[in-house]
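Predicted model, so just to flag it, every value in this text is computed and none were measured. Convention: sequence-line order gives letters A, B, ...; per-chain numbering from 1.
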2 protein chains.
Amino acid sequence: MAAAWELVREEGLASLSMRDLGKRVGMRAQSLYSYFASKHEITDAMFLEGYQAFAGFMLRAIDDEQLANDPVGAAKTVARAFVDFCTSDPVRYQLLFQRTIPGFTPSPRSYAVAVDVYDRMREQLATIGVRDEAAVDLWTAVLTGLADQQISNDPGGDRWTRLVDRAVDMLLADIEMNTQDTGEKA
Amino acid sequence: MAAAWELVREEGLASLSMRDLGKRVGMRAQSLYSYFASKHEITDAMFLEGYQAFAGFMLRAIDDEQLANDPVGAAKTVARAFVDFCTSDPVRYQLLFQRTIPGFTPSPRSYAVAVDVYDRMREQLATIGVRDEAAVDLWTAVLTGLADQQISNDPGGDRWTRLVDRAVDMLLADIEMNTQDTGEKA
DNA sequence: GTCTATATTTGGATAGAC
DNA sequence: GTCTATCCAAATATAGAC
């Protein structure tokens, strides 16, 4: 798996081949079939690993103390964690969030894990005040947009990532304005 | 070219092959080389066509009257035009804005056209009040983010595109707050 | 578990006849 | 301009020896 990640970071997701992977780990491509039944299984394992890393990274990002004492700061911490996760590994970002690998569909098992991770992310967003569907969708769009522009147009730089805090202030102001206050406690 | 667009919309950008394209236009793959020196030339021509369509579509989107009488409405018109252009043809979006086609790099000539189009877009953004670099970058990130989520997670629907007007209000409020007013006229 | 040998498919591209 | 014939390369995958 480590060799596979190395390779796709060097050559791109679409260029991963059994031959290259075999060479990288010091064997023939055919020998890999003792470990994975197909190339698809390898990609699927990477997909799964990526989502597990995502969940771990995001859940470690904030602690209860910041959440209680500094909700806006907590929101920024979460947002920065998300964008950092995306930009730190563009190929992983492409595999997890863009799905542009020709012909790849995650297995039901991996897909289920991904869905579960999204559920936990939604819970985390709720804790920082991003609750209703439209707010979640806008939050997601803005942060993936920043990550995407950063990766596409200024790889390795910070032209877009440095806008994350500003974007969070913008989003929170918008959410406050657009949330129908029912007068009840949440 | 029309057949090539058809094919990539059906099968994806990466799956475009000379054989398929030949079949679609009623000839052998080899005969296509009378028209294009290579497959790369075809992709490059699509890239160029895409940017020309983009420029035409965006420049037609607003008229001077709306710009003068209703600046916020004009901003929304421009934003909607952009997102509509992106979501109306996901494959073209991928070719023009995502650059994930394995091995494709636009020719200098096509690239120059793309750069020129971006310059004109920046001028258009300036007319609706999006002027300094950070504002342009944030605007771009938010709208590509919406388009991207729409294409990836709700193709054919409107879960994200319906947030465009709200996003523009959000952006304009943010830009007004973050622009250092020098006290001079622009 | 790893190898060699091989099957099979796919796709870009060229040569040369007509 | 279009065809047939062909070359070449890359890639997944299987069979079977060791």
If hydrophobic clusters are built from ILVMFWY residues whose side chains come within less than 4.5 Å, do B:Val78 and B:Leu67 share one? yes
Between B:Asp169 and B:Lys76, does any NZ, NE, NH1 or NH2 come within less than 4.0 Å of an OD or OE carboxylate oxygen? yes
Taking the side chain of A:Met27 as its heavy atoms from C-beta onward, which of D:dT4, C:dT2, C:dG12 lies nearest to it? C:dT2
Rounded to whole Å, please give me the gap between CD in A:Glu11 and C1' in D:dA11. 15 Å
Protein-nucleotide distance (A:Leu32, atom CG; D:dT14, atom C1'), rounded to Å: 14 Å
Salt-bridge criterion met for B:Arg122 and B:Asp119 (N-O under 4.0 Å): yes
Looking only at C:dG12, D:dA5, D:dA13, the nucleotide nearest the B:Met18 side chain is C:dG12
Between P on C:dG12 and CZ on B:Phe104, what's the gap in Å once rounded to a whole number? 15 Å
Given atom CD of A:Gln30 and atom P of C:dT4, what is their separation to the nearest angstrom? 8 Å
Between C:dT2, C:dA13, D:dA11, which nucleotide gets closest to the side-chain atoms of A:Ser17? D:dA11
Any idea which of C:dG12, D:dT4, C:dC3 is nearest the B:Tyr33 side chain? C:dG12
Under 4.0 Å, heavy atoms only, any strand: does B:Ser34 hit a base, just the sugar-phosphate, or nothing? base
Tell me whether B:Arg92 forms a cation-pi arrangement with B:Phe85, defined as NZ or CZ under 6.0 Å from the six-membered ring centre and within 45 degrees of its axis. yes
For A:Ser31, which contact category applies under a 4.0 Å heavy-atom criterion: base, sugar-phosphate, or nothing? base
Under 4.0 Å between any heavy atoms, over every strand shown, what does A:Leu16 touch: base, sugar-phosphate, or nothing? Just pick one. sugar-phosphate
At under 4.0 Å, does any side-chain N or O of B:Arg28 touch on OP1 or OP2 of D:dT4? yes
Whole angstroms only, please: what is the CG-P distance between B:Asp20 and C:dT9? 16 Å
From NZ of A:Lys39 across to C1' of D:dT14 the rounded distance in Å is 18 Å
Have a look at B:Ile42 and say if it touches a base, only the backbone sugar-phosphate, or nothing, with a 4.0 Å heavy-atom cut-off. nothing
Output the rounded distance in Å from NZ (A:Lys23) to C1' (D:dA10). 12 Å
Using 4.0 Å as the upper bound for N to carboxylate O, is an ion pair formed by A:Asp84 and A:Arg80? no
